[in-house]
Amino acid sequence: MVIIMNPEATAENISEVIKAIEGAGLEAKIMEGAQQKIVGVIGDKTKMASVAIGAMPGVDHSVEISKSYKLASREFHPQSTTIDVDGIKIGGGEPVVMAGPCAVESLEQLLSAAEIVKKGGAKFLRGGAYKPRTSPYSFQGLEVEGLKILAKAREKTGLKVITEVTTVEGIAPVAEYADILQIGARNMQNFGLLKEVGKCGKPVMLKRGLASTIDEWLNAAEYIMNAGNPDVILCERGIRTYETYTRNTLDLSAVAAIKHLSHLPIIVDPSHGTGKWRMIKPMAFAAIAAGADGLMMEVHPNPAKALSDGSQSLTSENYFEVMRGVQKLSKLMREENLNPIVE
Ligand code: PEP
Ligand code: MN
C-alpha cells in the first residue's frame with residue numbers, strides 16, 4: 001500500500017501517519033516528490049486493516065500495490081528517478097553511454113580503450129576485473145589488479161568507472177575503486193549479494209538475468225532498494241530464447257515495460273544482447289528510440305585479440321560511428337519533443 005498525502009499535509013500529519021504504520025508493526029518509507037509526498041507501507045498489508053488511514057489528517061488517499069515490489073514501482077514513486085554520479089545524470093536526460101572492453105586485460109589495453117571511449121563521448125568506462133565465465137578454463141579476470149588499472153584509467157581520462165562485483169567479499173574492493181557496481185546477469189537473483197550491495201553506498205547497475213521475467217528483475221531491484229540503496233539502474237542485456245543466431249534475444253520491449261512499471265533508469269546493452277558487433281549500431285539506435293536512458297557497449301582497441309567477447313566488441317571507428325548516430329538521434333528526439341514514454 002502507498003499513502004498519498006495531500007499537498008497541504010504538514011510534517012506533523014506525516015509523522016502521525018508513520019507512527020500509525022509503525023504502531024501496526026509495519027515499516028514506513030517516505031518519498032518526497034516535487035508536489036506530492038507519498039508514504040509507502042512495507043510488510044504484511046493485512047495488518048493495516050486496524051488503521052483508519054483514510055481518516056487521518058493530511059491523507060489524500062491510499063492505493064493498494066498488488067505487485068510484490070514497491071520501492072521500485074512507479075506507483076510508489078511516480079516521477080522518473082535520476083541518479084547523479086558525481087554530476088553525471090543517469091535518467092531523464094541525455095543518454096549516458098558506458099563503454100569499454102569486456103575484461104580488463106592489461107594496463108596498456110585498458111588505457112588505450114579508455115582513450116577511445118573518452119574520444120567518442122561516453123561518460124563511463126566499463127571493464128570486468130572479475131569475470132563470470134561459462135567455462136572455468138576461460139580468462140577469469142585480473143581481480144584487484146584489474147580494479148587498480150581501472151582506477152588509473154579514471155585518473156588519466158576523468159571517465160567514471162563501472163565494473164562487476166560477483167561475490168559478497170568483492171563488494172568492499174569494488175566499491176573502493178568503482179563509481180557504479182554492476183551485478184551481472186548470472187547474479188541477478190543472488191539475493192545475499194543483492195542485500196549486501198544494498199548497503200555499499202554506491203549506485204548499482206542490475207543486469208537482467210538470462211531467463212528472468214520483468215517481474216523477477218524488478219523484485220531483484222527491490223532487494224537492493226529495501227536494503228537501503230535507492231540508486232539502482234536496470235540494464236536489459238538480452239534473454240535466452242530458442243533463437244541461436246544471436247547470443248541472446250535483446251528484449252527492447254522491456255524498455256517500454258520498465259518505463260511503465262518502474263521509475264528506475266534503464267540502460268540497454270546491445271553487445272551481450274546480440275553477441276554480434278554488426279548488430280550493436282541498429283540495436284543502439286532502436287534502444288534510444290524506445291526511450292532507454294543509456295547504453296552499455298563493448299569496445300576494444302583490437303577486438304580480434306580480445307581475451308573475451310571480441311566478436312561483440314566495437315573497433316574504435318565503429319564505436320565512433322555508433323556514438324555519432326546516438327548523439328544525433330537523441331538530440332533530434334529532444335528538439336522535436338519525440339517522447340516515446342506513454343504515461
Ligand atoms: C558484462 O557486462 O561484462 C557481463 C558479463 O554481462 P552479463 O552479466 O550481462 O552477461
Ligand atoms: Mn562481455
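Given the structure is predicted, the values throughout are model-derived calculations rather than measurements. Both counts, for ligands and for their atoms, begin at 1 and track the order of listing.
The Mn ion (ligand 2) lies closest to atom OD2 when only the N/O/S atoms of Asp309 are considered. Note on Glu298: its N/O/S atom closest to the Mn ion (ligand 2) is OE2. The N, O or S atom of His272 with the smallest distance to the Mn ion (ligand 2) is NE2.
When side chains are defined from C-beta on, Ser80 counts as touching Arg74, because their heavy atoms get closer than 4.5 Å.
Under the 6.0 Å distance and 45° angle rule, Lys276 counts as a cation-pi partner of Tyr245.
Other residues, nucleotides and ligands place more than 12 heavy atoms under 6.0 Å from the CZ atom of Arg334.
Each of the atoms 7 (P), 9 (O), 10 (O) of ligand 1 lies under 4.0 Å from some heavy atom of Arg237. Within the listing of ligand 1, atoms 8 (O) sit less than 4.0 angstrom from a heavy atom of Gly184. Residue Ala185 approaches ligand 1 through these ligand atoms, each under 4.0 Å from one of its heavy atoms: 7 (P), 8 (O), 9 (O).
Closest to atom 4 (C) of ligand 1 among all protein heavy atoms lies His272 NE2, 3.5 Å. Among all non-hydrogen protein atoms, the one lying nearest atom 5 (C) of ligand 1 is Glu164 OE1, 3.7 Å. Nearest protein neighbour of atom 6 (O) of ligand 1, counting heavy atoms only, is Lys207 NZ, 2.9 Å.
For the pair Asp269 and ligand 1, the shortest N or O to N or O distance does not fall below 3.5 Å. The shortest N/O to N/O separation between Glu298 and ligand 1 does not fall below 3.5 Å.
With hydrogens and angles ignored, the 3.5 Å screen pairs a side-chain donor or acceptor of Glu222 with a backbone N or O of Leu71. Using modelled atom types, no side-chain atom of Asp231 and backbone atom of Val204 make a donor-acceptor pair closer than 3.5 Å.
Remark: distances from the non-hydrogen atoms of Gln182 to ligand 1 include one below 4.0 Å.
Considering Lys202, Lys123, Lys160 as possible partners of Asp86, the one that fulfils the salt bridge (Lys or Arg N to Asp or Glu O under 4.0 Å) test is Lys160.
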Just do the salt bridge (charged side-chain N to carboxylate O under 4.0 Å, His left out) check on Lys89 and Glu94 with the steps written out, would you? CA-CA 8 Å; Lys89 294 189 169 48; Glu94 271 179 57; over 6 Å; no
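Classification of Lys207 and Glu164 as a salt-bridged pair fails, no side-chain N sitting under 4.0 Å from a carboxylate O.
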